[in-house]
Structures are given as C-alpha cells and as structure tokens.
Amino acid sequence: AQSVTQLGSHVSVSEGALVLLRCNYSSSVPPYLFWYVQYPNQGLQLLLKYTTGATLVKGINGFEAEFKKSETSFHLTKPSAHMSDAAEYFCAVTERGSYIPTFGRGTSLIVHP
Amino acid sequence: DAGVTQSPTHLIKTRGQQVTLRCSPKSGHDTVSWYQQALGQGPQFIFQYYEEEERQRGNFPDRFSGHQFPNYSSELNVNALLLGDSALYLCASSRPDSQLIDTQYFGPGTRLTVL
C-alpha cells in the first residue's frame with residue numbers, strides 16, 4: 001500500500017528565505033505525485049504535479065519540486081518566501097492504475113517578516 | 001462561473017444522529033469526489049460518483065453513503081455519527097475523462113462537529 005510522509009508538521013522561515021517542504025513516499029512503482037496548498041477556510045489548490053517526463057516540475061506561485069526515484073522523494077521548494085505563502089501544504093500520491101489519492105498529513109508553512 | 005459549492009458551511013450534530021452534506025460541482029463537471037479531513041490530517045478519499053453511481057470507494061464503513069443527482073450535484077450521508085466523524089468534509093469535482101486528482105477542483109468544505 002502506498003503511503004506519504006511529510007517531515008515536519010510546521011516549517012518556519014523568514015520572508016525572502018528559501019522554502020523547503022519535504023515529502024517521501026512508499027510505493028511499489030513510481031506513482032503520480034502532487035503538491036497542494038490549502039489556505040484557511042478554503043479547499044485545496046493544486047500547486048504542481050509529476051506524472052512522467054522531466055523530474056523537475058515547476059508550479060504556480062514560484063514553487064517547484066523534484067522527483068527523485070532513488071530517494072523516493074518529492075520535496076517542494078521556493079527560492080524566496082513571501083508572506084502570502086503562509087498556508088498548509090499537502091503532498092499526495094496516486095499509484096499508477098489507481099485513481100485514489102493518498103495525502104500526507106500536511107506541513108504548515110509559517111513566514112516571518 | 002461558480003466553482004464548487006458546498007452546504008452547509010458548519011454543522012453540529014450529536015452522536016448517533018444522521019447528517020447530509022451537499023455539493024454542487026463546477027460548471028461543466030459531472031464527476032464528484034468526497035474527502036474527509038480530520039484536524040491535523042490530510043484529506044482521505046471517501047468515494048467518487050459519476051453518472052449517478054459510486055465509481056470508486058476508499059476505506060470507509062457503510063455508514064458513509066452518497067448520492068448523485070441528474071444535475072450532477074451530490075450528497076454525502078453519514079449515519080450513526082461517532083465523535084471520530086468530526087472533520088472537514090471536502091467535495092471535489094472533475095470532468096469524466098480525467099480521474100487523477102490534479103484535475104479535481106475542491107470546494108471550501110463543510111465543518112462537521114459531533115458532540
């Protein structure tokens with residue numbers, strides 16, 4: 001069965017600093033991988049996805065993630081944090097051949113002025 | 001163009017009661033999925049409806065049931081409520097040719113509290 005681990009329930013950065021949110025998965029074969037953002041009292045919004053091809057994926061709002069098969073990881077990064085990036089971030093995986101997603105527990109990103 | 005809408009926004013029930021949550025999909029979408037998001041957890045897939053039938057189901061008991069209407073709107077019903085059913089219930093809609101979650105548009109959710 002697939003699973004998703006997001007290291008760190010909270011990540012705190014200063015405005016302008018690098019953002020790194022970690023995601024590791026376990027799956028028998030390389031799955032489809034996703035990052036979502038959730039602002040307070042809102043639903044989830046897709047940031048980026050990896051399905052096939054280039055392993056470095058660029059998303060919205062300056063975020064990107066790299067699929068590393070050998071490390072079973074899909075970490076999310078952004079070079080310079082903005083105050084508006086403060087939100088809950090979820091990593092999710094879907095095994096190929098299945099359309100049922102598994103989400104991680106989420107990481108709360110806190111951005112200090 | 002209205003996105004995914006859900007009602008009610010908040011709901012308080014007591015143990016043993018039954019609850020119905022409602023969802024209207026985004027215009028042009030006819031597939032609806034439901035998720036449960038407990039506090040401090042990621043969303044968990046409950047089930048997906050297409051053409052008024054349950055197409056896929058996650059690991060949830062039969063107390064959780066649903067329905068899809070001809071206008072593609074959907075209801076989530078939970079019977080015999082338990083304290084552990086307290087959560088944010090998210091609805092997501094998509095077009096039938098894309099089942100991956102990246103094509104799903106999420107509503108703001110219904111916050112259910114079971115006392």
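Reminder, nothing fancy here: chain letters follow the sequence lines and each chain counts from 1.
Among the candidates B/Gln6, B/Gln36, B/Gln37, the single residue satisfying the side-chain hydrogen bond (donor to acceptor under 3.5 Å, both in side chains) test with B/Tyr89 is B/Gln36. Considering B/Pro25, B/Ser93, B/Pro108, B/Ser24 in turn, B/Ser24 is the only one that fulfils the side-chain contact (heavy atoms from CB on, under 4.5 Å) rule with B/Thr5.
The side chain to side chain donor-acceptor pair (under 3.5 Å) pairs that include a residue from residues 12-22 of chain A are A/Ser12-A/His112, where partners are two or more places apart or lie in different chains. Sorted by first and then second residue, the salt bridge (Lys or Arg N to Asp or Glu O under 4.0 Å) pairs involving residues 71-90 of chain A (not counting sequence neighbours) are A/Lys78-A/Asp85. For residues 7-113 of chain A, the pairs satisfying disulfide bond (SG atoms under 2.5 Å apart) are A/Cys23-A/Cys91, with sequence neighbours left out.
Your options are B/Gly109, B/Ala38, B/Gly58, B/Gly40, and the one with the most heavy-atom pairs under 4.5 Å with chain A is B/Gly40. Chain B forms the most heavy-atom pairs under 4.5 Å with one residue out of A/Gln45, A/Gln38, A/Gln42, and that residue is A/Gln38.
With a threshold of 4.5 angstrom between heavy atoms, B/Arg111 does not approach chain A through any atom at all.
The contact list for residues 58-66 of chain A toward chain B, using heavy atoms and a distance under 4.5 Å, is empty.
One finds a salt bridge joining B/Asp85 and B/Arg63 here, because a Lys/Arg side-chain nitrogen approaches an Asp/Glu carboxylate oxygen to under 4.0 Å.
A ring-centre distance under 6.0 Å is found for A/Phe67 and A/Tyr50.
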